[in-house]
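A short worksheet on the structure shown next.
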Amino acid sequence: MSLSGVCVTAVESRPAGVLADASTGKRPFGARVKAFVALTKPRIIELLLITTVPVMFLAQQGVPDLWLVVNTCLGGYLSAGGANALNMYIDRDIDALMDRTSQRPLVTGMVSPREGLVFGLVLAVVSTLWLGLLVNWLSAWLALGALLFYVVVYTMILKRRTSQNIVWGGIAGCLPVLIGWSSVTNSVSWAAVILFLVMFFWTPPHYWPLSMKVKEDYARVGVPMLPVIASNKVVAKQIVLYSWVMVAVSLLLTPLGYTGWFYTAVALAAGGWWLWEAHALLNRAKAGETGGKLKEMRLFHWSITYVSLLFVAVAVDPFLR
């Protein structure tokens, strides 16, 4: 199998889990509940909500209605959870072969493939109706679009075929920004588009360092993440390029009148530190550092801190203008 250019891989599934007998009687109820929750990938969804709620404050230019926040967050959780469950259903064959994913519920047998599929589809329907009836239909269609994009475009089409998978597949993770804005205004503005673009350019340099760390996993199953098919130096150069564009885009909100001095100060400070870390990673890659000396996870962990700080500033800024 070639990992250059377009790559299509068929991976034979194997029973990797600790539960060889997947009959319901052999699966404790409490463990089953935890497994279904795990299908929604709660830790990833936390990050999605971090980008949703602050945008609601910016759109409201103050504190949005509490019940609107609750309904938007719950609907967003259900939608993203459905997308994640369907992603695990589709990827269960390669998940069984990757160390990082070998204990996922569909691999261990705690949840059957049929249950995972039904669970994901039910969440997709319920979340769309929830958002449509309790928030507004624009937010509902945006959430459904994010779900379909993640499941169909990223998981089914891009992930196993191109090293640009996370670049374009990451669009699904940018849409919660638009959902947060539309939940308050029932429209989309340039402020929301700018923050959408910040997340778009954030996603590759956020995920590629992790991919560098676990590239052997991806290589084993034929998923052509950029670090699998390119050298560390090439990947680091791409990270630096996307990082500069991301920071530049993040600074557009202020001259366009959407934010003030507080957001600008945070964006400059956090963005400056990001660029420092990105260039440090590039320097280590150019020096031929590998393994623990490459320290690629420093940027990965900082990327989460960066987006948290930036969006907290988005929420706080209206109160300081």
Side-chain angles (χ1 to χ4, degrees), residues 6 8 36-52 55 71-95 101 104-106 111 113-183 186-188 192-193 195-204 206-207 223 225:
V6 176
V8 181
F36 277 101
V37 172
L39 282 179
T40 66
K41 299 183 184 178
R43 294 188 66 182
I44 292 178
I45 293 176
E46 287 176 13
L47 188 60
L48 297 180
L49 296 182
I50 285 173
T51 62
T52 302
V55 175
N71 288 328
T72 302
C73 288
L74 183 54
Y77 178 90
L78 294 175
S79 181
N84 289 329
L86 293 171
N87 166 268
M88 288 195 200
Y89 169 78
I90 295 166
D91 277 351
R92 66 191 186 279
D93 58 336
I94 60 175
D95 282 350
T101 57
R104 285 180 172 174
L106 290 175
V111 177
R114 178 183 175 86
E115 289 171 334
L117 175 61
V118 172
F119 181 66
L121 292 174
V122 168
L123 288 185
V125 173
V126 170
S127 63
T128 303
L129 293 175
W130 182 279
L131 288 169
L133 296 173
L134 299 179
V135 180
N136 58 57
W137 284 105
L138 176 57
S139 298
W141 299 134
L142 286 170
L144 180 60
L147 183 150
L148 292 174
F149 198 94
Y150 183 66
V151 173
V152 178
V153 178
Y154 172 67
T155 305
M156 298 179 67
I157 298 175
L158 296 176
K159 184 173 182 178
R160 307 192 195 195
R161 289 178 169 84
T162 172
S163 62
Q164 295 297 299
N165 46 22
I166 200 65
V167 175
W168 300 106
I171 288 175
C174 306
L175 284 170
V177 172
L178 302 186
I179 294 168
W181 188 278
S182 67
S183 68
N186 201 20
S187 64
V188 174
V193 172
L195 289 170
F196 172 94
L197 290 174
V198 170
M199 294 305 297
F200 176 79
F201 290 111
W202 171 88
T203 301
H206 157 71
Y207 198 79
V223 174
M225 289 294 178

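Here the structure is a predicted model, which means the values were calculated and not measured.
Partners of Phe149 according to the ring pair (Phe, Tyr, Trp, His ring centres under 6.0 Å) rule, which considers only residues two or more places apart in sequence or in another chain, do not exist here. Checked against salt bridge (charged side-chain N to carboxylate O under 4.0 Å, His left out), Lys41 has no partners two or more places apart in sequence or in another chain. With sequence neighbours excluded, the residues that form a ring pair (Phe, Tyr, Trp, His ring centres under 6.0 Å) with Trp168 are Phe200.
The structure places CG of Leu131 at 10.5 Å from CH2 of Trp141, a figure rounded to the nearest 0.5 Å. To the nearest 0.5 Å, atoms CG (Asp95) and OH (Tyr89) are separated by 13.5 Å. With values rounded to the nearest 0.5 angstrom, Trp202 atom CH2 is found 15.0 Å from Leu197 atom CG. Atom CG of residue Leu142 and atom OG1 of residue Thr128 lie 11.0 Å apart, to the nearest 0.5 angstrom. Here the straight-line distance linking atom OG of Ser79 with atom CG of Leu123 works out to 9.0 Å at 0.5 Å rounding. Note that the CG atom of Leu86 and the CG atom of Leu147 stand 6.0 Å from one another [nearest 0.5 Å].
With Lys159 as the partner, the side chain to side chain donor-acceptor pair (under 3.5 Å) test is satisfied by one option alone out of Asp91, Asn165, Asn87: Asp91.
Of all heavy-atom pairs between Leu106 and Gly116, the closest is CD2-CA, 4.2 Å. Shortest non-hydrogen contact noted between Gly180 and Ser183 is O-OG, 2.7 Å. The two residues Pro176 and Thr52 make their nearest non-hydrogen contact at CB-OG1, 3.3 Å. Summarising the geometry of Trp181 relative to Val188, their closest heavy-atom pair is CD1-CA, 4.0 Å, with the distance given to 0.1 Å. Gly75 approaches Ser127 most closely through the heavy-atom pair O-CB, 3.6 Å. Between Thr101 and Ile94, the shortest heavy-atom distance links the atoms OG1-O, 4.3 Å.
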Item to check | side chain to side chain contact (heavy atoms under 4.5 Å, CB included) between Thr51 and Leu195, worked out | outcome: CA-CA 9 Å; Thr51 62; Leu195 289 170; over 6 Å; no

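A distance-only check finds a donor-acceptor pair linking the side chain of Arg161 to the backbone of Met156 [under 3.5 Å]. The closest donor-acceptor contact from the side chain of Arg92 to the backbone of Met88 lies at 3.5 Å or more, if one exists at all. At least one donor-acceptor pair under 3.5 Å links the side chain of Trp130 to the backbone N or O of Asn71. Side chain of Thr155 to main chain of Val152: no donor-acceptor pair is present (N/O by atom type, distance under 3.5 Å, no hydrogens or angles). Thr203 places a side-chain N or O within 3.5 Å of a backbone atom of Met199 that can act as its donor or acceptor partner.
With a 4.5 Å cut-off on side-chain heavy atoms, Tyr154 and Ile166 count as touching. No side-chain heavy atom of Val111 sits less than 4.5 Å from a side-chain heavy atom of Phe119. Taking 4.5 Å as the limit, some side-chain heavy atom of Asn84 sits within range of a side-chain heavy atom of Tyr150.
For the residue pair Ser182/Ser139, the side-chain donor-acceptor check at 3.5 Å is satisfied.
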